[in-house]
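Proteins come first, then strands; the chains are lettered A, B, ... in the order of their sequence lines, and each starts at number 1. Predicted, not measured: the structure shown is a model, and the values here were computed from it. Worth knowing before you read on, the calculation uses all heavy atoms, side chains too, and leaves out hydrogens, waters and symmetry mates.
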Number of protein chains: 2
Amino acid sequence: MSISSRFSVGVHILSLLEIDKSETKSSEFIAGSVNTNPAVIRKIMGMLKNAGLVNVRPGVAGAELAKNLNEITLLDVYKAVNVVQENELFSVHDHPNPECRVGRNIQETIIPILSIAQSALEKALSNVTIADVVKDIEEKEKRNSK
Amino acid sequence: MSISSRFSVGVHILSLLEIDKSETKSSEFIAGSVNTNPAVIRKIMGMLKNAGLVNVRPGVAGAELAKNLNEITLLDVYKAVNVVQENELFSVHDHPNPECRVGRNIQETIIPILSIAQSALEKALSNVTIADVVKDIEEKEKRNSK
DNA sequence: TTACATGTAATTAAAATGATTACAAGTAAA
DNA sequence: TTTACTTGTAATCATTTTAATTACATGTAA
């Protein structure tokens, strides 16, 4: 199955906070850009806020980035929005038969291997910052406006 | 969300085919080791068979590996059991607002980035073979029998 | 022919997602 | 202090996926 789009929405939100300075960023405005319901945005915003990535105040429209663009990696966002529990990208069948040579060892064997794969994924995400995403979006804008 | 345990079950099955040569491998026997229903095993076996990893014949108990242990990588299993569609490990929100600078570019920007991360994951899986897993299981067996 | 196996479809309960509605509580300006 | 608007958050809902289960047609070998 796929990793929840909360992640891509999170990246969308953070990019939007940087790129479009012309409007006050209410959850409704952001929802208009993402094309979803404001309550969905508020929930994700709450997660980003918890992770220290954005500043939002109850009752006040106008979310802002809480860090520099180049200090927020996609891994930060990924962890913030909780799309994958710690070390649980892969689920492993539980209760394999302990009376079987394979059954009683498979978990202990496979979990570290899967963990390495998961780390490789996360490493790749940590190599990209919101600054990179913003830059990329701006380049595409230029190219298309010609 | 997590990647289906079909994957870890697939690895379990292939390891079992190699390690335990004492019994004929019916879906029922394998199900006993994995601790699930035989029909689940048969479904996964069908996928492994489709991918050319095992030999099974309708009506005949006794599945076998179709390749050398060290020629089957975890990536092969991962792809065989179809836990993640091609390039869809991450789902990306669709229909972002085309009238927004971010909305109209976010997908094109983010998809290649996520694809790189997914490739990193798959690369890590391709570095491990069933032979490695089997060896690891056997080592754990020895250690525990002392 | 008998006994048992695989292949496969249908059904089910549980869990997660994303959308939606609703409303309490916070804030700022008139 | 009232008004208008916003965030925070809970509850509900349809949809989708998983894994388990049941059932049975079909294949195979003794």
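Contacts with DNA chain C (heavy atom under 4.0 Å) in residues 17-33 of chain A: none are found. Near DNA chain C, defined here as any heavy-atom distance below 4.0 Å, the residues from residues 48-61 of chain B are K49(B), R57(B), P58(B), G59(B), V60(B), A61(B), listed numerically.
More than 12 heavy atoms of other shown residues, nucleotides or ligands fall within 6.0 angstrom of atom NZ in K140(A). Other residues, nucleotides and ligands place no more than 12 heavy atoms under 6.0 Å from the CD atom of E28(B). Counted within 6.0 Å of NZ on K49(A), heavy atoms from surrounding residues, nucleotides or ligands total more than 12; the atom is thus considered enclosed. Applying the 6.0 Å contact sphere to CD of E139(B) captures more than 12 heavy atoms from other residues, nucleotides or ligands.
No side-chain heavy atom of E138(A) sits less than 4.5 Å from a side-chain heavy atom of N105(B). Put simply, the side chain of P96(A) reaches to within 4.5 Å of the side chain of H12(B), judged on heavy atoms. For the pair F29(A) and T24(A), the minimum side-chain heavy-atom distance is 4.5 Å or more. Residues L65(B) and N55(B) are not in side-chain contact: their nearest non-hydrogen atoms beyond the backbone lie 4.5 Å or more apart.
Rounded to whole angstrom, the span from the NZ atom of K43(A) across to the C1' atom of dG8(D) amounts to 12 Å. Residue E64(B) contributes atom CD, which lies 13 Å from atom P of dT6(C) at whole-angstrom precision. Atom P of nucleotide dC24(D) and atom CZ of R42(B) are separated by 14 Å, given to the nearest angstrom. In this structure, the CD1 atom of I44(A) is 15 Å from the C1' atom of dT7(D), given to the nearest Å. Rounded to a whole Å, the NE2 atom of H12(B) is 15 Å from the P atom of dA19(D). Rounding to whole angstrom units, CD1 of residue I3(A) and C1' of dA16(C) are separated by 14 Å. The CG-P distance, from N82(A) to dA15(C), rounds to 18 Å in whole Å. The separation between N35(A) atom CG and dT20(C) atom C1' is 14 Å, rounded to whole Å.
Donor-acceptor pairing under 3.5 Å is lacking for the side chains of T129(B) and N70(B).
Applying the 4.0 Å criterion to OP1 and OP2 of dA19(D), one finds that T36(B) has every side-chain N and O outside that range. The phosphate of dT17(C) has neither OP1 nor OP2 within less than 4.0 Å of any side-chain N or O from S91(B).
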